[in-house]
Amino acid sequence: MRVLVLGGTGFAGRHAAAALRSRGHTVIIGTRNPKRALAKLPATLRDCDLREIHLESLTTRYVWRPVLRDVSAVVNAASLLREHGSETYDRVHHMAPAALALACERMGVRLVHLSLLGLRPESRNRFLRSKLLGERVITETRADYSLVRPSLLDGADGCAAAWLRRVAAWPVHIFPSDAKGRMAPLDVRDLADALAKLCEMPGYAMPREIELGGSARCTLADYLDSLRALRADRPALQLALPGPLVRIAAGLCDLLHLSPLSGSVLELLRRDNLPHENMLQALIGRAPAPVGGGARAPVGRNLPAPSPVCAPELTFVGRIRELLH
């Protein structure tokens, strides 16, 4: 089967491409810049066909026809953290997926669309609202689609995931005081296997909307603790900053395009982002990998040893006592 992976050089996309390749499928990598793509892809994917695709320009179903002419399935793993010029949230997350779904409907192409947990209609965040609108327009079509909503993606070779690992190594963990939401960190390779499996089956074989997560249930503070346990014997001190102060910092990061910290991330951290029904094991036939990684290596890199699952949060005083003993 020939599968087009949109966002194929990104964290989830390249793992999905690797999983599809390992199952014997022909993979086409959709990317904005094929020349730069080679530097981002592991050696095992560098011989894949590279197709230059600008989602902000593909907002009607007619322009998708030549893109989909020779594929049986599409994995849409493309996402835009911050807007730049014509690359807007509305065009990339809403209009392009709507046109893609209509084109898939007309051409009989399987569509696996990657979204995320935690989308709410009352959200004022433009990133999150555009993601939700993208989901809604897909469900209004008669395409053979699956909507996949993972929890936080865990792995050593993603931009945000690597950033969290660096933060976890610090002796003091700084986080928003209102980041009380629980998440179910999901190994990106488990997600990739699930996406590959969905490409191979018709949409009616599973629920159209699929929520995925790992086995741990933890807050951001717990997750950082688990990542730190991979490298350090002692836990870090925890310093909770006032929510408004962190929101100002996130606004500056959005304005200056700095770090993965953003207004959308903060909003998601304030509430639970757990799957209502975790379909992971039903799709991949095994239990989720532990937080921090398992025995398998990530695409193109080595992964550290497994981490324990997220541990219960300790008090600030308790952490001081642990450091002193």
Side-chain angles (χ1 to χ4, degrees), residues 6-7 9-13 31-33 36-37 39-40 53-59 76-97 114-135 149-155 157-170 172-181 183 185 188 219-221 223-224 227 238-271 273:
L6 301 173
T9 61
F11 186 33
T31 175
R32 289 186 55 82
N33 193 320
R36 292 182 181 178
K40 298 179 181 179
I53 293 176
H54 298 265
L55 289 179
E56 70 276 13
S57 300
L58 299 172
T59 55
N76 185 13
S79 188
L80 182 68
L81 178 61
R82 294 185 174 98
E83 295 176 306
H84 180 74
S86 62
E87 294 178 80
T88 65
Y89 295 141
D90 189 54
R91 298 183 75 86
V92 174
H93 296 157
H94 173 207
M95 297 174 68
L114 185 61
S115 186
L116 71 159
L117 285 172
L119 302 179
R120 302 287 194 280
E122 64 272 16
S123 174
R124 297 181 181 179
N125 183 273
R126 293 173 56 247
F127 173 92
L128 299 177
R129 286 182 63 84
S130 67
K131 283 285 192 178
L132 181 59
L133 288 172
E135 285 193 3
R149 301 187 187 109
S151 190
L152 175 73
L153 291 183
D154 179 62
D157 57 329
C159 177
W163 185 73
L164 286 172
R165 276 165 164 71
R166 289 194 295 271
V167 172
W170 298 348
V172 178
H173 289 168
I174 303 172
F175 57 90
S177 60
D178 54 356
K180 302 296 185 182
M183 50 196 172
V188 68
T219 63
L220 174 64
Y223 178 61
L224 291 174
L227 293 179
Q238 290 188 349
L239 178 60
L241 296 180
L245 180 61
V246 181
R247 285 193 285 276
I248 292 173
L252 290 174
C253 288
D254 281 333
L255 182 64
L256 301 175
H257 291 203
L258 298 174
S259 85
L261 180 63
S262 66
S264 57
V265 169
L266 291 185
E267 183 171 328
L268 292 173
L269 288 173
R270 290 198 294 269
R271 54 175 178 256
N273 289 286

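Counting from 1, the numbers follow the sequence of the chain as shown.
Here the closest non-hydrogen pair linking P150 and S115 is CD-O, 3.3 Å. Contact between A250 and S262 at its shortest, heavy atoms only, is CB-C, 3.8 Å. Taking both residues in full, the closest heavy atoms of P185 and S151 are given as N-OG, 4.4 Å, listed atom of the first, atom of the second, then distance. Of all heavy-atom pairs spanning N125 and G263, the tightest one is ND2-C, 3.5 Å. Considering every non-hydrogen atom in both A78 and L55, the closest pair reads CB-CD1, 3.3 Å. Across all non-hydrogen atoms, the minimal contact from G243 to S177 is N-OG, 3.4 Å.
Considering only heavy atoms from C-beta on, V167 stays 4.5 Å or farther from F175 through its side chain. Counting heavy atoms from C-beta on, the side chains of L132 and P121 come closer than 4.5 Å. Side-chain contact between E87 and H54: absent, with no pair of heavy atoms (C-beta onward) separated by less than 4.5 Å. Side-chain contact between D90 and M95 is present, with at least one heavy-atom pair separated by less than 4.5 Å.
Looking only at distances, a side-chain donor or acceptor of N273 sits under 3.5 Å from a matching main-chain atom of R271. The backbone N or O of G155 sits less than 3.5 Å from a side-chain atom of R165, completing a donor-acceptor pair.
Distance check, rounded to the nearest 0.5 Å: CG of L81 to OG of S264 gives 6.0 Å. Within the model, atoms CG of L224 and CH2 of W170 stand 9.5 Å from one another, a figure rounded to the nearest 0.5 Å. The structure places CG of N76 at 5.0 Å from CG of L6, a figure rounded to the nearest 0.5 Å. Remark: R82 CZ to L256 CG distance equals 9.0 Å, nearest 0.5 Å. The distance from the CZ atom of R126 to the CG atom of L128 is 11.5 Å, given to the nearest 0.5 Å.
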For L116 and L268: C-alpha separation, side-chain torsions, deciding distance, then whether side chain to side chain contact (heavy atoms under 4.5 Å, CB included) applies. CA-CA 10 Å; L116 71 159; L268 292 173; 3.6 Å; yes

Verify side chain to side chain contact (heavy atoms under 4.5 Å, CB included) between D154 and L164, making sure each step is shown before the conclusion. CA-CA 9 Å; D154 179 62; L164 286 172; over 6 Å; no

Candidate pair F11 and V188, rule side chain to side chain contact (heavy atoms under 4.5 Å, CB included), full reasoning: CA-CA 8 Å; F11 186 33; V188 68; 3.7 Å; yes

Show, in sequence, the C-alpha distance, side-chain angles and deciding distance for K131 and H94, and conclude whether the side chain to side chain contact (heavy atoms under 4.5 Å, CB included) test is met. CA-CA 7 Å; K131 283 285 192 178; H94 173 207; over 6 Å; no

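The salt bridge (Lys or Arg N to Asp or Glu O under 4.0 Å) check on R247 picks up D178, with sequence neighbours excluded. Take R120 and apply the salt bridge (Lys or Arg N to Asp or Glu O under 4.0 Å) test, not counting sequence neighbours, and it matches no residue. A search for side-chain hydrogen bond (donor to acceptor under 3.5 Å, both in side chains) contacts involving H257 returns nothing, not counting sequence neighbours. With sequence neighbours excluded, the residues forming a ring pair (Phe, Tyr, Trp, His ring centres under 6.0 Å) with Y89 are H93, F127, listed by chain and number. Evaluation of the salt bridge (Lys or Arg N to Asp or Glu O under 4.0 Å) rule for R270 yields no partner, not counting sequence neighbours. A search for salt bridge (Lys or Arg N to Asp or Glu O under 4.0 Å) contacts involving R91 returns nothing, not counting sequence neighbours.
The residues R124 and E267 are annotated as not salt-bridged, no charged nitrogen and carboxylate oxygen being separated by less than 4.0 angstrom.
When only modelled atom types and interatomic distance are considered, E83 and T88 share no side-chain donor-acceptor pair under 3.5 Å. Under the 3.5 Å distance criterion, with hydrogens and angles disregarded, no donor-acceptor pair is assigned to the side chains of K40 and T31.
With a 6.0 Å radius and a threshold of 12 heavy atoms from other residues, nucleotides or ligands, R129 has its CZ atom at or below the threshold.
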